[in-house]
Chemist: 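The structure under discussion is supplied below as structure tokens; questions concerning it will follow.
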2 protein chains.
Amino acid sequence: MVSDAPPPDLLAILERAGCRDTAPRRAIVSLLEQKQEGFTLEALSDELPSVGRATVYRTVKLFQEAGAVCKLATINGSHIYSLCGVGHHHHHTVCVECGAVEEFRVDAVERLIGEISADIPGEVISHRLELYVNCHSCPASKGK
Amino acid sequence: MVSDAPPPDLLAILERAGCRDTAPRRAIVSLLEQKQEGFTLEALSDELPSVGRATVYRTVKLFQEAGAVCKLATINGSHIYSLCGVGHHHHHTVCVECGAVEEFRVDAVERLIGEISADIPGEVISHRLELYVNCHSCPASKGK
DNA sequence: TAAGGATTGGTACCGAATATCACTAAATGT
DNA sequence: ACATTTAGTGATATTCGGTACCAATCCTTA
């Protein structure tokens, strides 16, 4: 149920997009590939003092467009980014305590949306579903 | 299926919150109560030149906290606000062409989320679901 | 190795929203 | 009715997340 999709090959994505092979992009990629959790671009940029803010934002946006990074809403309305498997529609759980993001895909959701569509005025083009959880693996959620 | 919940009584909400009865708030309320669609605070503020920006933002935030106004993500990541019925969990459709917002509630969604919860690591606290549609009642969507 | 376009990064800028704070107006007590 | 108190207001400054700009620099390829 919870997807264990392999992390996307970011370098391959860059190559496919016809991007040049540069040091800043390599730095961003290798940091991104270690990310298990949701992150902010602010923080990402801070972790890469040798790379300019603009380049970090630009590069992540590129991955976003390629579907390798998703921008999610947290429960309080702010945004976090998360690496995610490419090529399949999916949703996310976001831990309200630690911000950990898990990707999941449940066919029942897609099926249900399909059924609902018939009763919705207009044509359903896409949807967004986020579950907010206590992830039970972060200290803050322990024992709750 | 699509909810026809009566619009919330905004003045009553203010009163319940212990707010004073002031001209700026009345102006905001009467404008808000006419809103059938999603709106931006920017636009709302522009329609009320006699009321300060800060007051518009503050007052809408108050309604947000009371659950009478929801802040939704559009498909492109920007935000719109929408009046909505208080007191029951619901979701929204957002027309990608004209921005019209409809509120809906389908028990099947809640039931499904409940079922999924069992398979999600951690405890599901809440969720967010948005459907993006062509609403078929705006000119831009016509004939598609 | 020189030319030429992509990339970079510092900075300015943008839109959305909040903080500040002196001023004003509503409620309350007398 | 008036003074007092306290919430509310609004002009402005500031923050936050993100994008635009642009001269300098780096890849690539010929």
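Each chain gets a letter, A, B and so on, in the order the sequences are listed, and its residues count up from 1.
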Chemist: Go through the structure and list residues passing ring-ring contact (aromatic ring centres under 6.0 Å, His included) with A/His92, not counting sequence neighbours.
Modeler: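 So A/His92 forms a ring-ring contact (aromatic ring centres under 6.0 Å, His included) with A/His90.
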
Chemist: If I take atom CZ in residue B/Phe39 and atom P in nucleotide C/dA17, what distance separates them, rounded to the nearest angstrom?
Modeler: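 Those two atoms, CZ and P, are 11 Å apart.
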
Chemist: Please report, rounded to the nearest Å, how far the P atom of C/dA17 is from the CD atom of B/Glu65.
Modeler: 14 Å

Chemist: Let me have the donor-acceptor pairs involving side chains of residues 48-61 of chain B, under 3.5 Å, with sequence neighbours excluded, atom names and distances please.
Modeler:
from	atom 1	to	atom 2	distance (Å)
B/Thr55	OG1	B/Arg58	NH2	3.3
B/Tyr57	OH	B/Glu42	OE1	3.4
B/Thr59	OG1	B/Thr55	O	2.7

Chemist: Can you tell me how far C1' of C/dA17 sits from CG of B/Leu44, to the nearest Å?
Modeler: 14 Å

Chemist: If I take atom CG in residue B/Leu14 and atom P in nucleotide C/dA26, what distance separates them, rounded to the nearest angstrom?
Modeler: 15 Å

Chemist: Do any pairs count as a side chain to side chain donor-acceptor pair (under 3.5 Å) and have a residue in residues 72-81 of chain A, sequence neighbours left out, and if so which ones?
Modeler: A/Thr74-A/Asn76, A/Thr74-A/Ser78, A/Asn76-A/Ser78

Chemist: Throw together a table of side-chain donor-acceptor distances under 3.5 angstrom for residues 8-16 of chain B, partners on residues two or more places apart or in other chains.
Modeler:
from	atom 1	to	atom 2	distance (Å)
B/Asp9	OD1	B/Leu11	N	3.2
B/Asp9	OD1	B/Ala12	N	3.1

Chemist: What one-letter contact string describes nucleotides 2-18 of chain D from 5' to 3', where B marks a base within less than 4.0 Å of any protein heavy atom, S marks contact via sugar-phosphate atoms alone, and - marks no contact?
Modeler: ----BBSBBB------B

Chemist: Could you tell me how far apart B/Asp46 (CG) and C/dA16 (P) are, to the nearest whole angstrom?
Modeler: 10 Å

Chemist: Holding to salt bridge (charged side-chain N to carboxylate O under 4.0 Å, His left out), I want the full list of residues that pass it with B/Asp46, two or more places apart in sequence or in another chain.
Modeler: none

Chemist: For a ring-ring contact (aromatic ring centres under 6.0 Å, His included) check, start with the C-alpha distance between A/His127 and A/His89, then their side-chain angles and the critical distance, and finish with the verdict.
Modeler: CA-CA 10 Å; A/His127 61 273; A/His89 182 82; 4.5 Å; yes

Chemist: In this structure, how many angstroms lie between the P atom of C/dA6 and the CD atom of A/Glu15, rounded?
Modeler: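 Going from CD in A/Glu15 over to P in C/dA6 covers 17 Å.
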
